[in-house]
Structure formats: C-alpha cells, structure tokens
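Proteins come first, then strands; the chains are lettered A, B, ... in the order of their sequence lines, and each starts at number 1. Note: hydrogens, waters and symmetry copies are ignored here, and every other heavy atom, side chains too, is used.
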Amino acid sequence: MPVRVRMAPSPTGLLHIGNVRTALFNWLYARHEGGEFRLRIENTDTSREVAEAVDQIKESLSWLGLDWDGPLTFQLDRMDDCRQVADGLVADGKAYEDEGAIRFRMPDEGSTGWDDVVRGRVEIPNETIEDLVLIRSDGRPTYNFASPMEDVWDGITHVIRGEDHISNTPKQINIIRAVGAEVPVYAHVPNVSGPDGKKLSKRHGAVTVDEFRKDGYLPEALLNFLALLGWAPDGETTIMSRDELVERFLLERVSPSPAQFDYAKLDWMNGIYLRELSSQEFAHRLVMWLGENGYEWDAQRVSRAAPLVQEKIARLAEFPGFAGFLFGEVEPDPAELDGGAPMLAATEEALVSLEPFEAESIETALRAAADGLGLKPRQAFQPVRVAVTGSKVSPGLFESIELLGRETTLSRLRAAAAVVA
RNA sequence: GCCCCCAUCGACUAGCGGUCCAGGUCGCGGCCCUUUCAAGGCCGUAGCACGGGUUCGAAUCCCGUUGGGGGCACCA
C-alpha cells in the first residue's frame, strides 16, 4: 500500500513553526517514499476567520515549498458521516447516549498499545481511558472522533504528529477498531520548545511562518534547520538542500527526545544560504523582501548594493540597517566624528575631481590622503565612514562611496566637517 | 493526584556492547586576515544526570532515583 500521510491543522491562526516542523516530517516522509501528503483542515465551525486562516496556512506552506497532494478537505464536510458512524456504534452497543451526547464505551481492562515508529512499543492501561464523547449534545463530532475517522476515510497509512497526541492515540485506536477499520501506523515526533525549555512562544522570537518570513529568513534555510530538530542523517552533515533532505530522510531516525529552538543557529544557517546564492539571486531575494515589507527602494540601486552586504548579513531584514544610507539621509553622531576634521577635509579634496570615480581609484586616493596625514588606515577611515554612511559599521567604504556617487559623498563630507569644526 | 513520554558538551546531534580517555555543527574564547562589521582560516572550551545490576567488557541492555516535558474537556 502506498504511503499516505497528512497535515491536519486547525484554522485558528497563523501557522506555528512547531506545526511546520511536524508537517515537514510528514512531507519529507511522503516524498521520500513516493507517497502522498494530504492537507486537511480540522475546522468545527464556519466563522469567517476560518477562510482567512486557511488561506494563510496555504500561503505559508507554499512559501516553504511544502506542496500537498489531492484536494484540500474540511472536517466540517464530514460531520454527517461522523454522526452516522456514531449511530451505528450505538446500535452495536459500542457507544451510548449520555445527556444528549453520544459516548464511546472504552474497554475497562487490559491495555491499548501500538508500535510507535519513533518511540517503540507504547502501552496505555485501559482503566485510565475514560469513555469518550463522540458527538456533542449539539450534534457536532469531537476532535478525537472526527480525526481518526477522517484518517480512515482518507486512507491515511501513517499518522505522524506531535507527542502531545500520544494520550489521544489509544482512544483513537479503539474507535478505529470498533468501526472495523485498519489502524494506521503512528509516529509521535518530539515537541520543539523555546531556548529555555519552555513552550516556544512570542517572547522567544518569531514563532509563525509569517514572522520568520518578515525577519528575512530563506525558506530553504528554515526547512534545513527545522529538519535537524529531532532528526539527523548522520553525525556530520548539517547543510542539506531540499532534495537531499527528501533523499536522506528516514522516519525511523527521528529522535524521541524533545529539541530546543536555537535562533542563533538558525541565523548562522540562514547566513550560509544567503552567501551561497548567486549575486543575482541574492539581489532578487532582497528586492522581493523589500517589496513585501513596504520599502519602495529603487530595485536597480538595491541590486548594485546587494554585493556589498551579501557576506555581512544573516537575514534579509538586516539590509535596511546596513545599506539604508544609500537610500536616505544620514545623521552622523558628532562624537564618532571627533578628531576627524583633517581627514574629512583631505578626503573631500581627494575626491572632488577624482577620475574615474570607482572603488579602486577611491581606495588609492584615500590611502594616499591618510598617508599624507601620517594616519593609519584604521583611524583615518573611521570618521570618513561615519560621515558617509552615518555609522561606524558599514559595507566596504570605497564601494559604498562609489555607489553613493560623488555629489552625495561630497555633501556628506562637508556636512560632517561643519559639525566637527 | 493519575497516565504517558524523554534524558550524550550551554544548544542541535552522531553513537544502536569492545574501533569512544565520546565525533560533527551552532554558540562561546583565542589567534590570523583586515578600512569598520562580517565572512573565511586555524586553535581551543565543554558532555555520556545519579545509583544499582547484566556482561570478560556499557554512553550503548535492565531496574530504580532524580530532573524535564506532555496528557487527563461535550478544545483541537
């Protein structure tokens, strides 16, 4: 039987990164096995927010490149089927009515167990499982009834989900057995917690896909990082393309112990991916990101500035802070200009009629100017950098000056000179 | 309270009885390079939670303790 897995989010908000990690394992398994990855929405009502949330979930998955197979299905559409099954269970004496609701009769003795792909044999005493409500008194099925039934109807072969579902599993297995269907294989993957071991939340940093996107992470880097949370192909490999991930992913190698989300490592990895991009592609991503985030900066200029920062930033969102001086005014801190008057003047003089006005010639001219004043490059360029870029930290000075252009550079040098004077 | 899960450097992990006085990556520290910041190169730091077994031999198997986490809804 071909493998078929699913991601079953509830449309309550933006896609959480923890859910993405679980979805990723499902997707990787499906693609590795040549099976199907289904997307099913576990909605229970028809409020307007649902439609928006569904669109956001689809948009996030698309951005990440996690494509799903077959039609998108909704729990809502199977409520009648659930009720029918519940009625049948009542007729068979396997469920009973209780104050308007329908409850499933769980076995009282023995235990319910399964061979979990990541945890091995798990056995839960039946006496600890309460009779479960199948249908609420208002007629709607509960999650623990609808979910396993949908798995049955969809022909799901492997249920790969978070470990928080472990206690639901024996309940669902009993229901599936009661309706005479085949029980799927279960794999409970470990949870992802915050850097402090607590539940990953907003105060730790980005948590939804949208936030990571806004922070300037690349989807391929995010996936690579997420894949390594609870799984590793071996003890050496860390950087893997999407294809390599698919090729090497083995569900049996997923670790049962929980992992902490390390933002610093994600940043490092994103930087690796950013630097591996061709300069054209890097520029393209920058332009796209800026466009998505409200920056109306000239694409041509952004593309020319891109090479100056490609090795310096770890996230696309750092670009404005690094290269903003090319797109707007600067306000140098007078204190950082202190003592720079001679070099500012010398620089202005050196650049006034320099030809050609290019990084290489600019460098030669400025080094000569520094030399003439008996200054070390380090101390000489500092005030010039501050005057021109507005900061002590910037892309290469000479390239920056070339890009900025003679006029703007000279006016900034004069403005700074006026301040120190 | 009851049930379940987990346990190797600060973090992610490799290790599935001897090849491990435990390897890789991030982070951190140092050095080199250097116009700032990065990037890059080199070196270094740091771990098998504890206690019992089993075995000629345990990070690897078993039991217990401790410590984390999850679940006990007419939520999903």
Side-chain angles (χ1 to χ4, degrees), chain A residues 8-12 41-44 75 98-103 111 116 118-120 122-130 132-147 162-171 188 190-193 195-199 225-239 252-253 255-269 271-272 274-275 308-314 318 321-322 336 363 366-367 370 375-382 384-386 389 391-401:
Chain A
S10 57
T12 51
I41 304 298
E42 311 258 273
N43 61 329
T44 49
Q75 193 170 77
D98 176 29
E99 301 200 26
I102 296 178
R103 265 183 205 278
S111 64
D116 198 285
V118 339
R119 280 153 216 282
V122 179
E123 206 83 41
I124 312 287
N126 286 330
E127 56 183 331
T128 65
I129 309 173
E130 292 197 334
L132 175 80
V133 169
L134 262 24
I135 306 291
R136 300 179 176 87
S137 51
D138 68 0
R140 290 154 55 221
T142 58
Y143 164 78
N144 271 315
F145 179 42
S147 185
E163 66 176 322
D164 46 318
H165 283 287
I166 290 180
S167 58
N168 287 329
T169 304
K171 302 173 187 172
H188 290 92
N191 284 330
V192 174
S193 63
D196 56 0
K198 298 289 195 307
K199 189 174 166 62
F225 174 78
L226 252 22
L228 258 18
L229 249 32
W231 172 80
D234 53 48
E236 318 294 312
T237 318
T238 56
I239 301 298
E252 302 72 38
R253 279 189 67 89
S255 157
S257 56
Q260 293 186 17
F261 198 101
D262 184 350
Y263 288 90
K265 186 166 184 176
L266 207 213
D267 279 1
W268 164 78
M269 190 173 283
I272 295 284
L274 242 26
R275 273 170 256 127
L308 306 195
V309 303
Q310 189 164 6
E311 290 208 340
K312 297 179 182 296
I313 66 178
E318 290 174 44
F322 248 86
E336 295 176 347
E363 175 167 5
L366 293 205
R367 283 188 187 283
L375 294 171
K376 295 281 189 193
R378 198 182 203 83
Q379 33 181 185
F381 299 149
Q382 165 92 332
V384 177
R385 182 187 306 282
V386 170
T389 73
S391 170
K392 287 196 292 188
V393 176
S394 79
L397 221 210
F398 318 117
E399 291 79 3
S400 293
I401 289 176

With a non-hydrogen cut-off below 4.0 angstrom, is A:Ala232 in contact with a base, only sugar-phosphate, or nothing?
sugar-phosphate
Should A:Asp196 and A:Lys198 count as an ion pair when the cut-off is N to O under 4.0 Å?
no
Quickly work out the A:Asn168 CG to B:G71 P distance and round it to whole Å.
9 Å
Which part of the nucleic acid does A:Ser137 contact within heavy-atom distance under 4.0 Å: base, sugar-phosphate only, or nothing?
base
Indicate, with a heavy-atom threshold strictly under 4.0 Å, whether A:Glu99 touches base, sugar-phosphate, or nothing.
base
A:Arg140 side chain near B:C74 phosphate (N/O to OP1/OP2, under 4.0 Å):
no
A correct 5'-to-3' footprint of nucleotides 36-41 of chain B, with B, S and - meaning base, sugar-phosphate only and no protein heavy atom under 4.0 Å, is BBBSS-
In this structure, CE of A:Met269 is separated from CG of A:Leu228 (nearest 0.5 Å) by 5.5 Å
Can you label the angle between the A:Phe381 ring and the A:Phe398 ring as parallel, tilted or perpendicular, going by 30° and 60°?
perpendicular
Look at all strands and tell whether A:Asp98 reaches a base, only sugar-phosphate, or nothing, counting heavy atoms closer than 4.0 Å.
base
Contacts of type side chain to side chain donor-acceptor pair (under 3.5 Å), residue A:Gln75, not counting sequence neighbours:
A:Glu42, A:Glu150
Atom CG of A:Asp267 and atom P of B:C26 are separated, to the nearest Å, by 14 Å
Taking any strand in view, what nucleotide pairs with B:C2 in a Watson-Crick or G-U wobble way, both distances under 3.5 Å?
B:G71
Quick one: A:Gln260 CD to B:U8 P, roughly how many Å, whole number?
11 Å
Lys/Arg-Asp/Glu bridge criterion (N-O < 4.0 Å) met for A:Arg119, A:Glu163:
yes
Using the side chain to side chain donor-acceptor pair (under 3.5 Å) criterion, which residues pair with A:Ser257? Sequence neighbours excluded.
A:Ser255
Need one value for A:Phe398: base, sugar-phosphate or nothing, where a base atom within 4.0 Å counts as base even if backbone is also close, heavy atoms only.
base
